Amino acid sequence: MKKYFNYLLTAILMVSVFVACDEEPVNKDKGSEVKEGTLDLAASFKLELDIDEEVISKAAANDENVDDYVIRIYNTTTNELVEEWQYKAVPEIVTLEVGNYRVEAHSQILDMTAVSNTPYYYGAVTCKIEENELTTIDKIVCTFQSIKVRIIFTDELAGKLDNGYTATVNIRGIEHTFTANELKAENIDGFIFFPSDNDDNIMIIVEVDVAIDGVAQYIDKKQYSGVSRGQYYIITYVLKGNGIDDNDEGQMDGLTLKLNAELEVISRDVNIPAEEPVLDPDPTDPGTTDPEPGEDWVFIVGVGFDIDQPQIIPKGGRSIVVNMKAEKGIKNLWVKINSPYLTEEFLNGINLAKRFDLAYPGSSEDMLTSLEFPLKEDVIDKTDLNFDITKFTALILQPGTHDFILTLIDNQNNSLTKTLSLITY
């Protein structure tokens, strides 16, 4: 009897084990069930390039091959990359979890830290994957998404320069230096492509470095704002007037190069010429003609630079001098500082007000004196005054745009306000 009971118990246990083993996968599958659908990449999916031949040459457009374009699929809810292939290797059908997706096409994997000799094209479409359904997508149209830049020195200008002249372009800290050969007007391939995101308020900074008969010449940096991707920027340097001015004694080191910088913007279906102020490398020449003296006038001008254009400040500062003129004599010269770094709290810490009057500096006098600013009797009733803030520029240690709002008031309450914008990186 006992032996029979042991056999029965063993049989029951074996049946229980088999039942448990049989049921476990069913329960596991039921708990991890994934809802899926399919994406058809064979029916209507294809790539097309929308290229403006004014921006990208016809020859370059014809040479563009989409086979090696990178196709990526992102889940738009999680922004997770779920699939990636080259266009030539895209499968006909893709199985995806139910959800919303974005299918992207890239001409190359974009490096946002470097320039390129090839343009970048991009396009995308969105789709929704539903359970047990086949989803099709339309074609992806890829458009030019880089910033194309070319700098040209006219033959007349290049003929007056020593070999080795350069032009350096900076866009958001990414630099490219154009050589003398690339700057030649006949070099139609002397352009470069800068990477760009979707910001439409980018700035191009150009610095030209040239020499005449062995005499080093420095031309201040120039900025062009409102730059956006998908456009072609051509900046042409031409001689102004006769181009070269000798000093009174005719010494070689008195040579000054006079240039104009002409900007042309080529974007989709539109060619926009844009006027830009004259570049003047001579730090003693403000490059601006005084207005005809009238009964009442006040005047603010940058010495050697255009005060209406932002100025680049390198580490350690640079010479910045602003000339003030007031026929009736200066009554007040207000300075207001707007800066992400030179905040009111920071300025108070160095005993400097955010807004101060150089004629009546008050509690800011000691600090302003240490900065060698003109104060009090050196300002009041003056008709011609140089305001040198060179020493102050060395205090701007953090990157950003720092505005100095200058308001000049004369003794008959005529006034003029100018904003001096300094940019640090």
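All values below were derived from every heavy atom in this structure, side-chain atoms included, with hydrogens, water molecules and symmetry-related copies excluded. Just so we're clear, the structure is a prediction, and the values are computed from it rather than from any experiment.
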Taking every heavy atom of Ser364 against every heavy atom of Ala353, the minimum-distance pair comes out as OG-N, 3.0 Å
Are the side chain of Asn411 and the backbone of Lys328 linked by a donor-acceptor contact shorter than 3.5 Å? yes
Looking only at atom types and distance, does a side-chain atom of Ser146 sit under 3.5 Å from a main-chain N or O of Tyr120, one as donor and one as acceptor?
yes
For this session: Would you check if there is a donor-acceptor pair between the side chains of Asn413 and Lys331 at a distance under 3.5 Å?
Result: yes
Centroid-centroid under 6.0 Å between Phe404 and Phe392 rings:
yes
Legend entry - Test item: Glu207 and Asn170 side chains (from C-beta on) under 4.5 Å apart, heavy atoms: no
Result for side chain to side chain donor-acceptor pair (under 3.5 Å) between Ser339 and one of Glu344, His402, Lys354 points to His402
Would you say the side-chain atoms of Gln145 and Thr143 include a donor-acceptor pair closer than 3.5 Å?
yes
Closest heavy-atom pair, Pro374 versus Val379, reported as atoms and distance to 0.1 Å, is O-CG2, 3.4 Å
Is the number of heavy atoms from other residues, nucleotides or ligands under 6.0 Å of Asn181 CG greater than 12? yes
Given the options Asn187, Ile235, Ile234, Ile152 meets side-chain contact (heavy atoms from CB on, under 4.5 Å) only with Ile234
* Taking the six-membered ring for Trp, are the ring centroids of Phe387 and Phe373 within less than 6.0 Å of each other? -> yes
TODO: Please work out whether the ring planes of Tyr165 and Phe153 are parallel, tilted or perpendicular, with thresholds of 30° and 60°.
DONE: parallel
The reported gap from NE2 in His176 to OG1 in Thr166 (rounded to nearest 0.5 angstrom) is 10.5 Å
Contacts of Asn117 meeting side chain to side chain contact (heavy atoms under 4.5 Å, CB included) (sequence neighbours excluded), chain-then-number -> Ile192
ask   = Side chains of Thr369 and Glu372: is there a donor and an acceptor less than 3.5 Å apart?
value = no
Do Asp384 and Asn323 have side-chain N/O donor and acceptor atoms under 3.5 Å apart? yes
- Query: Do Thr407 and Thr417 have a side chain donor and acceptor closer than 3.5 Å?
  - Reply: yes
For Ile109, I'd like to know if atom CD1 has over 12 heavy atoms of other residues, nucleotides or ligands within 6.0 Å. yes
Looking only at heavy atoms, the pair that brings Cys142 and Gly123 closest together is SG-N, 3.9 Å
Checklist entry - Within 45° of the six-membered ring axis of Phe191 and under 6.0 Å from that ring's centre, is NZ or CZ of Lys148 located there? => result yes
Any chance the side chains of Glu80 and Asn75 put a donor and an acceptor closer than 3.5 Å?
no
For Ile174 and Phe194 the tightest heavy-atom approach is O-CE2, 3.3 Å
| request: Would you check if there is a donor-acceptor pair between the side chains of His106 and Tyr121 at a distance under 3.5 Å? | output: no
Residues passing the side-chain hydrogen bond (donor to acceptor under 3.5 Å, both in side chains) test with Tyr87, sequence neighbours excluded, are none
>> If you define the side chain from C-beta out and look only at heavy atoms, does anything of Val115 sit under 4.5 Å from Phe193?
In response: no
### Query
Taking atom types as modelled and ignoring hydrogens, do the side chains of Glu327 and Thr383 form a donor-acceptor contact shorter than 3.5 angstrom?
no
Of all heavy-atom pairs linking Arg318 and Thr390, the shortest is O-CG2, 3.4 Å
On a heavy-atom basis, the closest approach of Gly190 and Arg150 is O-CG, 3.3 Å
CG (Asn386) and CG (Asp378) are apart, to the nearest 0.5 Å, by 12.5 Å
So salt bridge (Lys or Arg N to Asp or Glu O under 4.0 Å) across residues 92-115, not counting sequence neighbours, yields Arg102-Glu104
